[in-house]
Amino acid sequence: CGLLRSGVGSGWSAAVGVDLSLSPLRFELALQLSERGGTLTAQNTFPIRDTVSGSVIDVTTEARLQSSWLMAELQPLLLIPFARRFQAFAGMGIGIPLAARFRQEEVILSPDTVYFTLGDGQRRRSRLLTEGDFQKPTPLHLALTVGVGHALSLGGAWEWTQRFGVTAT
C-alpha cells in the first residue's frame, strides 16, 4: 500500500476543571476524557487487466489506516481572557490510554467499473484488510493544546465553557 505519510484526525473531549484566577490570567487544572483519532492515507495507481475486455487499465486505490484512542488526561491550562466571556487557552496534557483500536482498509477510487471480489463472492469498492486493538499501546502520552473558548455563567462561581482547540500529540 505504500508509505502512509499524511492524514487528518479529530475527536471529542469532556473535562471537569478547577480554575485559579490571578487577574488578568487564569489557570485551570482539568481531568479530561477524550477520543484522539486519525486516519493516515496513501493513494496508489497501478495497471490491471480488465477481465471483460482484456485490455489493461489503470486503477487508483487509497489505503486507509484509522486509529482511535480513548484517553484519560490531566490537563493544566493557561486561560487568557480577551473579550467578555471569551478566552484563549494553551497548555499541555498528560494522559493514559483506556482503549486503543485500529482499522486498515483499501478503497478503489477509480475507475467506477472496478471492484474487489471478496472471499464470499461479493463485489465491493472497498475491502477490510485488518482491524483490532493495539496490543501494547504507549503507557503515557503527552499533548500540547491551544484554542479559544466561550464561558457561560451558571450562577455563582460555576461556568459552562465550550472550547475549540488544536491538539498535537
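The structure presented is a predicted model; accordingly, all values stated were derived computationally and were not measured. Counting begins at 1 with the first residue of the sequence.
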Quiz item: For Phe164, which fellow cluster members are found when Ile, Leu, Val, Met, Phe, Trp and Tyr are connected by side-chain heavy-atom distances below 4.5 angstrom, either directly or through intermediates?
Solution: none
Self-check item: Pairs satisfying salt bridge (charged side-chain N to carboxylate O under 4.0 Å, His left out), at least one member in residues 137-149, at least two apart
Solution: none
Practice problem: Scan for salt bridge (charged side-chain N to carboxylate O under 4.0 Å, His left out) pairs involving residues 69-80, sequence neighbours excluded, and state none if there are none. | Solution: Arg36-Glu73
Quiz item: Met71, Leu98: one ILVMFWY side-chain cluster at the under-4.5 Å cut-off?
Solution: no
Exercise. Provide the full list of ring-ring contact (aromatic ring centres under 6.0 Å, His included) pairs with a residue in residues 95-120, sequence neighbours left out, each pair given once.
Key: Phe102-Phe134
Exercise. Apply side-chain contact (heavy atoms from CB on, under 4.5 Å) to the pair Leu25 and Leu78, showing each step before the final yes or no.
Key: CA-CA 7 Å; Leu25 302 177; Leu78 171 65; 4.1 Å; yes
Quiz item: Does Leu31 sit in a hydrophobic cluster with other residues, and if so which ones, taking ILVMFWY side chains as linked at heavy-atom separations under 4.5 Å, directly or through other members?
Solution: Leu29, Leu74
Exercise. Compare every heavy atom of Ser34 with every heavy atom of Ser13, then report the nearest pair and how far apart it is.
Key: CB-CB, 3.6 Å
Self-check item: Side chain proximity check, Thr138 to Pro97, heavy atoms < 4.5 angstrom
Solution: no
Practice problem: Among residues two or more places apart or on two chains, list those pairs meeting ring-ring contact (aromatic ring centres under 6.0 Å, His included) that have a residue in residues 17-63. | Solution: none
Quiz prompt | Minimum-distance pair of heavy atoms, taken over all atoms of Gly17 and Glu28 | solution = CA-CG, 4.3 Å
Quiz item: In Å and rounded to the nearest 0.5 Å, what is the CG to OG1 distance from Leu65 to Thr39?
Solution: 8.0 Å
Quiz item: Which heavy atom in Phe89 sits nearest to a heavy atom in Thr145, and how many Å separate them?
Solution: CE1-OG1, 3.9 Å
Practice problem: Using side-chain contact (heavy atoms from CB on, under 4.5 Å) as the criterion, list what pairs up with Thr161, not counting sequence neighbours. | Solution: Gln87, Ala151, Glu159, Arg163
Quiz item: Which atom pair, heavy atoms only, marks the closest approach of Asp112 to Leu109?
Solution: OD1-O, 4.4 Å
Quiz prompt | Residues which pass side-chain contact (heavy atoms from CB on, under 4.5 Å) with Trp12, listed by chain and number, not counting sequence neighbours | solution = Leu33, Glu35, Leu70
Quiz item: So how far is it from Asn44 CG to Thr61 OG1, rounded to the nearest 0.5 Å?
Solution: 4.5 Å
Practice problem: Apply side-chain contact (heavy atoms from CB on, under 4.5 Å) to the pair Thr60 and Gln43, showing each step before the final yes or no. | Solution: CA-CA 7 Å; Thr60 302; Gln43 287 190 7; 4.1 Å; yes
Quiz item: Can you name the residues that form a side-chain contact (heavy atoms from CB on, under 4.5 Å) with Leu140, not counting sequence neighbours?
Solution: Ile94, Ile96
Quiz item: Who passes salt bridge (charged side-chain N to carboxylate O under 4.0 Å, His left out) against Asp19, sequence neighbours left out?
Solution: Arg26
Quiz prompt | Least distance between heavy atoms, Pro81 atom then Pro24 atom | solution = CD-O, 3.1 Å
Quiz item: Does Ile48 share a hydrophobic cluster with Leu118, counting links as ILVMFWY side-chain heavy atoms below 4.5 Å and allowing steps through other members?
Solution: yes
Quiz item: Are Ile57 and Ile108 grouped together when hydrophobic residues (ILVMFWY) are joined by side-chain heavy atoms under 4.5 angstrom apart?
Solution: yes
Exercise. Any salt bridge (charged side-chain N to carboxylate O under 4.0 Å, His left out) involving residues 44-59? Give me the pairs, sequence neighbours left out, ordered by first then second residue.
Key: none
Self-check item: From Gln104 atom CD to Arg64 atom CZ, the distance as rounded to the nearest 0.5 Å
Solution: 12.0 Å
Practice problem: Could you note down all residue pairs passing side-chain hydrogen bond (donor to acceptor under 3.5 Å, both in side chains) where residues 124-133 supplies at least one of them, sequence neighbours left out? | Solution: Arg101-Asp133, Arg103-Glu131, Glu106-Arg127, Gln122-Arg124
Quiz prompt | Nearest-0.5 Å distance, OG1 of residue Thr41 to CD of residue Glu62 | solution = 4.5 Å
Quiz prompt | Common cluster, Trp160/Trp158, ILVMFWY with side-chain heavy-atom separation under 4.5 Å | solution = yes
Exercise. Would you give the length of the straight line joining atom CD of Gln162 to atom NE2 of His150, rounded to the nearest 0.5 angstrom?
Key: 6.5 Å
